[in-house]
Amino acid sequence: MSQERQLTTALAEAAATAGHAPSVHNTQPWRWRVLPEALELRTVPDRRLSATDPEGRLLAISCGAALQHARVALAAEGWRAVVQRMPDPGDPELLARLTDLSRTTADPDAMRMVQCMSVRHTDRRPVSDEPVPTAAIGEITRAVTAEGCRLQILNQDQVLELAATAGRADTVEAEDQELRAELAYWTSQAGSGTGLPPEVLPDQPPQTTVPGRDFGRPGSLPVGPGHDRAAAYALLHGDEDEPDSWLRAGEALSAAWLTATRLGVSVVPLSAVVEVPATRQTLRQMLAGIGYPYIVLRLGIADPAVAGPPHTPRLPADQVVDTSAVRDELS
Ligand SMILES: Cc1cc2nc3c(=O)[nH]c(=O)nc-3n(C[C@H](O)[C@H](O)[C@H](O)COP(=O)(O)O)c2cc1C
């Protein structure tokens, strides 16, 4: 196979692999364009949560997670890429371009991460009574730092404050008709390849220290009697509150989550507290002004006696990866 053909194949495969990335309400708000010597990541405005996420913070975080997946998939196949984030100020939907691709040795760590991509999932049920080992917390934190963000593990008082803050965010969101309608839409997309099917949503509110998102309807995932007392809560944050820093936050979220998956640590993102401006401000105060909050993470060890939830569906690759510019090379 010629080097050009190898490259376009690797780009198309990396974009398809990025489909495993997590996204808010499983909106998968991204589209990839494979070019002869580059890969472009664009947002899909139709899949933006206009009521929940008017600024596009969670959209950019979701797309950042997909970007990190694609970067790792390329590294696993032995390709080095230069990443241009927000490369064109006149085209804000173009979030990133992977360019200047060159051959290198396949990275074994990246290969392991790629294996974790298809295993990683969100399990909203309580975790076991086993605390997350300190060494695992350290590795997850380092994965975040390597992506240019920070992870603050909350102390007991801060967790209680977070619990109260999450409760306030829930109340605000429950009273917002538009937001409820948006949630109802994304929890009733059966068969579309997007959204949250009932099988992944708890059949009753799980007993957690910090309330999880109220999805407005019970799912069919059985929740046992456990409580997630042993879970750790962490705040992913960084220096800026701008679209390119949200993109990086998504890359950091993805790196942290894949690292956690490799270490057997379950992650649940909690974003309602950053969606509501007043509670986002409370989180900012918890950071004592040293940064801007991007998302909260619950870290825990899943109960080994309980099978994981089913996988949340994804859009087929041909709906998210545009290969029309390289069709001849791929055929
Ligand atoms: C930016 C972002 C915000 C999220 N917010 C929440 C949340 O508040 N509550 C929740 O239960 N899951 C949340 N999730 C998890 C998604 O719902 C989940 O990733 C998506 O449905 C795909 O499922 P999977 O992670 O099992 O592949 C969030 C994910 C991302 C990337």
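None of the values given here were measured: they were computed from a predicted structure. All ligand and atom numbering here is 1-based and tracks the order in the structure. Positions are given from 1 along the sequence. Note that these values count all heavy atoms, side chains included, but never hydrogens, waters or copies made by symmetry.
Residue R120 places a heavy atom less than 4.0 Å from ligand 1.
Atom 6 (C) of ligand 1 has P269 O, 3.2 Å as its closest protein atom, hydrogens excluded (heavy atom only). S271 N, 2.9 Å is the protein heavy atom nearest to atom 8 (O) of ligand 1. If you check which protein heavy atom lies closest to atom 23 (O) of ligand 1, you get T312 OG1, 3.3 Å. Looking only at protein heavy atoms, the nearest one to atom 25 (O) of ligand 1 is T122 OG1, 2.6 Å. Nearest non-hydrogen protein atom to atom 21 (O) of ligand 1 is L196 CD2, 3.2 Å. Scanning all protein heavy atoms for the shortest distance to atom 12 (N) of ligand 1 gives R124 NH2, 3.5 Å.
Relative to the ring axis of Y294, R57 does not place its NZ or CZ within 45° and under 6.0 Å from the centre.
Under 4.0 angstrom from ligand 1, the non-hydrogen atoms of F215 all belong to its side chain. When heavy-atom distances to ligand 1 are checked against a 4.0 Å cut-off, I61 comes that close only through its side chain, counted from C-beta outward. Within the 4.0 Å heavy-atom criterion, neither part of V200 lies near ligand 1. Residue contacts with ligand 1 for N26 involve both N, CA, C or O and side-chain atoms from C-beta outward (heavy atoms, distance under 4.0 Å).
Of the listed residues (H121, R314, H25), the one carrying the non-hydrogen atom nearest atom 22 (C) of ligand 1 is R314. Among A60, S23, P22, the residue whose heavy atom lies nearest to atom 20 (C) of ligand 1 is S23.
V34 and W79 fall within a single hydrophobic cluster, where Ile, Leu, Val, Met, Phe, Trp and Tyr side chains are chained together by heavy-atom contacts under 4.5 Å. V132 and L253 fall within the same hydrophobic cluster, defined by Ile, Leu, Val, Met, Phe, Trp and Tyr side-chain heavy atoms under 4.5 Å apart, directly or through other members. No continuous path of ILVMFWY side-chain contacts below 4.5 Å connects I153 to L160, so the two sit in separate hydrophobic clusters. Put simply, L283 and V172 are part of two different groups of oily side chains (I, L, V, M, F, W, Y) that touch within less than 4.5 Å, one to the next.
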Return a table of donor-acceptor pairs under 3.5 angstrom between the side chains of residues 269-277 and protein atoms on other chains or two or more places apart.
unit_1	atom_1	unit_2	atom_2	d
S271	OG	R213	NH2	2.9
S271	OG	E275	OE2	2.9
E275	OE1	R213	NH1	3.3
E275	OE2	R213	NH2	2.5

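Listed by number with element, the atoms of ligand 1 under 4.0 Å from a non-hydrogen atom of I295 are 1 (C), 2 (C), 3 (C). Short contacts between ligand 1 and L270, defined as distances under 4.0 Å to a heavy atom of the residue, involve ligand atoms 8 (O).
A donor-acceptor pair shorter than 3.5 Å can be found between the side chains of T52 and E182. Side-chain N/O atoms of Q115 and R262 include no donor and acceptor closer than 3.5 Å. Defined by atom type and a distance below 3.5 Å, a donor-acceptor pair is missing between the side-chain atoms of E240 and S245.
For CD of Q152, the number of neighbouring non-hydrogen atoms (other residues, nucleotides, ligands) closer than 6.0 Å is greater than 12.
At least one N or O atom of R213 sits closer than 3.5 Å to an N or O atom of ligand 1.
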